[in-house]
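First the structure, in the form of structure tokens, and then the observations on it.
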Amino acid sequence: MQLTAGRVKEAVEEALDPEAEETVGFADFCEDRIERMYDNSATRKNHMTAVAKLRAFLRERRGSGDVPFSPRHVNAELLEEMQAWESEERGNSKNTIHKTMRTLRRMINVAIRDGLFPQSEYPFDDLTLERERTDKTPLTDSGVEALEQLMEKVNGGSTPFVSDGLPAHSLRAFLFATYMLGMRWSDVASLEWSSIRDGRVTYQMRKTGAQKDLMIVGPAQEILDYYSDRQGSERFVFPLVTRYAHKHDLTDDEGLRSAINDMNRRVNQELKEIASAAGLDVNLSTHIARHTSAQRMMQADWNLQEIQAALGHSSISTTEHYLRSVRDEELDDKHEDLF
């Protein structure tokens with residue numbers, strides 16, 4: 001633990017405060033309220049990840065996994081320090097840090113609502129939360145074709161990418177997600193051979209916990225055929241998360257979740273190289289596959305409810321958000337025709 005003048009002051013004030021030991025811990029409060037507030041297990045896990053980071057930060061910087069939930073301890077200074085720690089020590093992006101802070105902000109707002117924390121000491125009034133706008137523009141038909149042509153060359157051994165290297169696996173997994181109605185990256189990375197039967201993929205979506213049953217279309221089956229020698233000997237279809245088996249316990253749900261997140265960061269790096277090799281001037285990432293599928297569905301005149309069901313969205317508004325960029329492009333074309 002770093003000993004600073006601020007830490008010394010806190011220690012003295014706490015020693016002089018007879019009620020300090022009776023104050024509930026901030027992390028304990030967050031965990032308790034998250035358990036009570038969220039029925040969906042995936043949503044609960046997402047918020048609990050933020051609390052786990054809070055505890056890790058406090059252990060490293062305060063020497064304990066919690067602090068009293070009072071304005072003296074839970075303030076803008078603490079949260080600013082945690083943001084810096086996430087960036088410098090964890091290597092988290094601005095958007096990931098923003099997501100963590102959103103959970104903590106939500107918990108403090110709940111405490112204020114319930115009269116457990118003073119509104120006048122609201123720490124986020126003095127805190128700036130930053131996030132970066134991410135490019136989620138879907139690929140055009142020609143963009144998908146360029147990736148398909150690159151995959152053929154990779155499979156044939158006529159590119160600098162070796163056929164069994166991570167860039168090649170990343171490319172195939174991206175296209176598989178696109179073909180399978182925008183299957184989420186977490187579900188692609190953790191897809192098991194046991195989920196594939198009679199020309200269909202049946203699995204439980206990790207994000208929502210809902211069941212999904214999809215037909216395997218021709219191009220997706222070709223990718224599965226490429227990995228068919230793994231069937232029977234390997235648990236996962238794609239040789240991705242197993243690269244982190246030395247770091248995370250893949251038999252444990254939390255360990256698998258961590259491996260998926262680690263691999264997502266790595267695959268997104270590889271996809272930048274893939275896009276360049278395919279001659280695409282796009283910021284390619286795993287999530288673009290979902291937007292690309294959504295665009296295809298819209299162009300094929302699927303109705304909003306069909307697209308919602310295909311993407312597995314619980315809210316129609318989320319589906320509308322996915323399609324917004326497509327509508328903007330259509331407006332651009334019509335605008336150009338006006339003049």
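Here R184 pairs with nothing under the salt bridge (Lys or Arg N to Asp or Glu O under 4.0 Å) rule; sequence neighbours left out. H248 is linked by a ring pair (Phe, Tyr, Trp, His ring centres under 6.0 Å) to nothing, counting only residues two or more places apart in sequence or in another chain. Residues that satisfy the ring pair (Phe, Tyr, Trp, His ring centres under 6.0 Å) test with W85, not counting sequence neighbours, are F57.
Ion pair D114/R33 flagged as a salt bridge, since at least one NZ, NE, NH1 or NH2 atom sits closer than 4.0 Å to an Asp/Glu carboxylate oxygen. Between D262 and R266, none of the side-chain N atoms (NZ, or NE/NH1/NH2) sits under 4.0 Å from a carboxylate O, so this pair counts as no salt bridge. The pair D253-R206 meets the salt-bridge criterion, since a charged nitrogen lies less than 4.0 angstrom from a carboxylate oxygen. One finds no salt bridge joining E60 and R90 here, because no Lys/Arg side-chain nitrogen approaches an Asp/Glu carboxylate oxygen to under 4.0 Å.
N92 and R265 form no side-chain donor-acceptor contact under 3.5 Å, judged by distance and modelled atom types alone. Using modelled atom types, one finds a donor on one side chain and an acceptor on the other under 3.5 Å when comparing T251 with D249.
Shortest non-hydrogen contact noted between V217 and M180 is N-SD, 4.4 Å. Residues P138 and Q295 share a closest heavy-atom pair of CG-OE1, 3.4 Å.
Within the 4.5 Å cutoff, side-chain heavy atoms of R61 are placed close to those of E89. Side-chain contact between M82 and L58: absent, with no pair of heavy atoms (C-beta onward) separated by less than 4.5 Å.
For an aromatic pair to be called close, the ring centres must be under 6.0 Å apart, and Y38 with H47 satisfies this.
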Report task. Run the numbers on D213 and T202 for side chain to side chain donor-acceptor pair (under 3.5 Å), then give the verdict. Result -> CA-CA 4 Å; D213 182 14; T202 305; 3.2 Å; yes

